[in-house]
Amino acid sequence: MILEEINASGCTASQCHAQMYIMGTLLRHGSEEQKQRYLPRIGVRELRLQAFGVTEPTTGSDTTKIKTRAVRDGDHYVVHGQKVWTSRALYSDLMLLLVRTTPRIRLSKRPTGFPFSSST
């Protein structure tokens, strides 16, 4: 409703829209360690979490077709793939990067294979 009202009044709500995805993902799916590590510093503007890495050269922003993978290597992930047009990258200290942990071809349903929290 808030976004609709912003747009109806002649403004653009795209900045709000992106922040809902970025901060909303951290709040809903981040580990307690991630929340404790990042949220206080974001709140006092020591860190900026504004970048959202979604768009790929061959799939655009169709999240059901992304190919960038995160492969577990011990206690961390190694990312393989490409992103373009990463929103707010120049203005961020941190980035929410959308990747797959399971190749799309091995999925029974399209929207699966995305991790929602992991160690950083």
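Residue numbers start at 1 and run along the sequence shown.
Apart from V84 itself, the hydrophobic cluster it occupies contains W85, where clustering links Ile, Leu, Val, Met, Phe, Trp and Tyr at side-chain heavy-atom distances under 4.5 Å.
Side chains of T68 and E56: a donor on one and an acceptor on the other come within 3.5 Å.
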Only distances under 3.5 Å count here; give the side-chain donor-acceptor pairs of residues 91-99 to other protein atoms, sequence neighbours excluded, each with its distance to 0.1 Å.
| residue | atom | partner | partner atom | Å |
| --- | --- | --- | --- | --- |
| S92 | OG | Q50 | N | 3.1 |
| S92 | OG | A51 | N | 2.7 |
| S92 | OG | R88 | O | 3.0 |
| D93 | OD2 | R48 | N | 2.8 |

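Counting heavy atoms from C-beta on, the side chains of Q82 and T58 never come closer than 4.5 Å. Contact check for L49 versus Y38: no side-chain heavy atoms found under the 4.5 Å cut-off.
Between R37 and P40, the shortest heavy-atom distance links the atoms C-CD, 4.5 Å. For the residue pair Y77 and T101, the shortest heavy atom distance occurs at CE2-CG2, 4.1 Å.
Residues that satisfy the salt bridge (Lys or Arg N to Asp or Glu O under 4.0 Å) test with K35, not counting sequence neighbours, are E32. Qualifying side-chain hydrogen bond (donor to acceptor under 3.5 Å, both in side chains) partners for T55, counting only residues two or more places apart in sequence or in other chains: none. Scanning for salt bridge (Lys or Arg N to Asp or Glu O under 4.0 Å) contacts around E46 gives R41, with sequence neighbours left out.
The backbone N or O of S31 lies less than 3.5 Å from a partner atom in the side chain of Q34, making a donor-acceptor pair.
Every pair tested for salt bridge (Lys or Arg N to Asp or Glu O under 4.0 Å) that includes a residue from residues 20-29 fails, sequence neighbours excluded, so the list is empty.
Among K67, H80, R69, the one residue that satisfies the side chain to side chain contact (heavy atoms under 4.5 Å, CB included) test with R100 is R69.
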